[in-house]
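Following: one structure in structure tokens, then a few remarks.
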Amino acid sequence: MKMSNYFKVLILCLLAVASTQAQLQLGFYTYSCPSAEQIIQNFVHEHIHNAPSLAATLIRMHFHDCFVRGCDASILLNSTNKQAEKDAPPNLTVRGFDFIDRIKSLVEAECPGVVSCADIIALTARDSIAATGGPYWKVPTGRRDGVISNLVEARNNIPAPFHNITTLQSRFANQGLDLKDLVLLSGAHTIGISLCTSFSNRLYNFTGKGDQDPSLDSEYATNLKTFKCKNINDNTTIVEMDPGSRKTFDLSYYNQVVKRRGLFESDSALLRNSVTKALVTQLLHGSLENFYAEFAKSIEKMGQIKVKTGSQGEIRKHCAFVNS
């Protein structure tokens, strides 16, 4: 009897482990909402070419969402007292909320209360990058939406442009991501843009003494000060993170980093660690196809951070509000 009970317990434990490992699955909505992924893809293909820069902001939204309470669409929630994730400094420049809302309304019309906002973010990010010529990756679905959104948690978890390599490594490790993931996911900066406020201290007041960041290429810094960020208070000018190649998801961002022309301190930080520096060099010596394949692995991994499944969370009716 004791041996029999032991095997029963063992089987239950194995089943529990299997269920946690199979949290998400490809084609999760095959039976509950078979047209869901096609509706999302069609909308992206129809509209992304009118505003291709949205691809960068949508993948950024996915990234920022996953780093706070996991990939649960908590970044979309509104707050009456401005204390939600979207009110945190890292998210004040995130765009694309209306784009997600429009997709959600289409999916809701087809299958009410079935498809999560969290899955819509993940699928939209992938489809927008692929539609603009970038890599394609697998997106297993089955995420559920969170019901908590907290400004402080966003501020304390999302990597910032001014972070050094130690802080970046720590924030990625907190999400189960390693240095390779840091280098690969930073590669999305190849299609990114930024306001001067995210890096102007590197040009005008790096250590609080009116100085320039010595790790930033001096010629590039002069160019930025002359033609883009003409003073430290400029909060409207937009700068390409990968000048001349912003519309192409390619390896040139890493060339910028190696030339000490990465716009953010977090970009230049990739040269401050022997592992990340070697990975940057390795990517530059490899093919674009290799970069796409490796990037896909990292963003697939990121898309499964602390996901809510089963009876956890909810399926929001409207992405900006928890269900009443």
Side-chain angles (χ1 to χ4, degrees), residues 23-24 28-29 32-44 46-48 51 54-128 139-158 175 302-324:
Q23 290 178 324
L24 303 180
F28 179 82
Y29 299 108
S32 58
C33 189
S35 58
E37 293 196 26
Q38 194 61 56
I39 290 172
I40 295 168
Q41 188 180 80
N42 288 348
F43 186 87
V44 169
E46 183 180 350
H47 296 283
I48 199 70
L54 263 178
T57 203
L58 289 166
I59 197 171
R60 182 173 178 234
M61 177 190 287
H62 184 32
F63 178 87
H64 283 208
D65 180 49
C66 290
F67 266 69
V68 188
R69 291 184 169 268
C71 310
D72 67 348
S74 49
I75 193 173
L76 302 179
L77 287 172
N78 287 345
S79 166
T80 54
N81 61 356
K82 300 295 182 183
Q83 290 297 308
E85 286 176 36
K86 63 166 59 172
D87 303 304
N91 290 329
L92 293 176
T93 52
V94 172
R95 298 182 297 122
F97 297 108
D98 180 62
F99 198 82
I100 297 295
D101 286 341
R102 290 164 70 189
I103 292 174
K104 175 65 171 175
S105 66
L106 292 174
V107 175
E108 280 293 301
E110 181 72 18
C111 312
V114 174
V115 181
S116 69
C117 299
D119 277 340
I120 289 174
I121 291 177
L123 289 163
T124 302
R126 188 272 310 276
D127 290 346
S128 65
V139 179
T141 44
R143 297 168 188 79
R144 288 172 65 85
D145 299 322
V147 296
I148 297 172
S149 185
N150 185 281
L151 180 154
V152 175
E153 291 180 356
R155 189 176 61 208
N156 291 343
N157 286 283
I158 296 171
Q175 308 303 332
M302 186 196 82
Q304 300 191 46
I305 294 173
K306 301 172 188 172
V307 292
K308 295 170 178 62
T309 58
S311 60
Q312 298 172 315
E314 64 182 16
I315 304 297
R316 281 183 227 143
K317 296 174 183 176
H318 303 282
C319 290
F321 307 97
V322 296
N323 298 337
S324 56

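As the structure is a computational prediction, the values presented were derived from the model and not from experiment.
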- Item | Spacing of CZ belonging to F99 relative to CD1 belonging to I120, to within rounding of 0.5 Å | 11.5 Å

- Below 4.5 Å, heavy atoms only, C-beta onward: do N91 and I158 meet side chain to side chain? yes

- Give a yes or no on whether H318 atom NE2 has more than 12 heavy-atom contacts from other residues, nucleotides or ligands under 6.0 Å away. no

- Message: Would you compute the distance between atom CD of E153 and atom CZ of F67 and round it to the nearest 0.5 angstrom?
- Response: 14.5 Å

- Heavy atoms, side chains only, cut-off 4.5 Å: are M61 and F97 in contact? yes

- Which heavy atom in G303 sits nearest to a heavy atom in L24, and how many Å separate them? O-CD1, 4.3 Å

- Looking only at atom types and distance, does a side-chain atom of S74 sit under 3.5 Å from a main-chain N or O of G146, one as donor and one as acceptor? no

- Item | Validation row: K86, N78 side chains within 4.5 angstrom (heavy atoms) | yes

- Message: Counting C-beta onward and ignoring hydrogens, is there a side-chain heavy-atom pair between E110 and V115 closer than 4.5 Å?
- Response: no

- Task: Could you tell me which non-hydrogen atom of C111 sits nearest to which non-hydrogen atom of S32, and how far apart they are?
- Result: SG-O, 4.1 Å

- Q304 versus P140: any side-chain heavy-atom pair under 4.5 Å? yes

- Item | Distance (rounded to the nearest 0.5 Å) between D65 CG and S149 OG | 8.5 Å

- Verdict with supporting geometry, R60 and T93, side chain to side chain contact (heavy atoms under 4.5 Å, CB included): CA-CA 10 Å; R60 182 173 178 234; T93 52; 3.0 Å; yes

- Might you work through the side chain to side chain contact (heavy atoms under 4.5 Å, CB included) test for L77 and E85, ending with a clear yes or no? CA-CA 8 Å; L77 287 172; E85 286 176 36; over 6 Å; no

- Side-chain heavy atoms of N157 within contact of Q175, under 4.5 Å: yes

- Contact check, side chains of N323 and R316, non-hydrogen atoms, under 4.5 Å: yes

- Which value, rounded to the nearest 0.5 Å, describes the distance between R126 atom CZ and I121 atom CD1? 14.5 Å

- Item | From CA spacing to verdict: side chain to side chain contact (heavy atoms under 4.5 Å, CB included), M302, H62 | CA-CA 9 Å; M302 186 196 82; H62 184 32; 3.5 Å; yes

- Side chains of K308 and D145: does their closest heavy-atom pair fall under 4.5 Å? no

- Note on the structure: Of all heavy-atom pairs linking A154 and A88, the shortest is CB-CB, 3.7 Å

- Would you give the length of the straight line joining atom CZ of R144 to atom OG1 of T309, rounded to the nearest 0.5 angstrom? 8.5 Å

- Message: Measuring from atom CG of L76 to atom CG of D101, what distance do you get when rounded to the nearest 0.5 angstrom?
- Response: 7.0 Å

- Note on the structure: Closest heavy-atom pair, S116 versus I315, reported as atoms and distance to 0.1 Å, is CB-CD1, 3.8 Å

- Message: Tell me which one of I39, I40, V44 satisfies side chain to side chain contact (heavy atoms under 4.5 Å, CB included) with L123.
- Response: I40

- Query: Do V139 and E37 pass the side chain to side chain contact (heavy atoms under 4.5 Å, CB included) test, and can you show the C-alpha distance, the side-chain angles, and the key distance before you say yes or no?
  - Reply: CA-CA 10 Å; V139 179; E37 293 196 26; over 6 Å; no

- Message: If I compare all heavy atoms of L54 with all of G96, which pair ends up nearest, and what's the gap?
- Response: CD2-CA, 4.0 Å

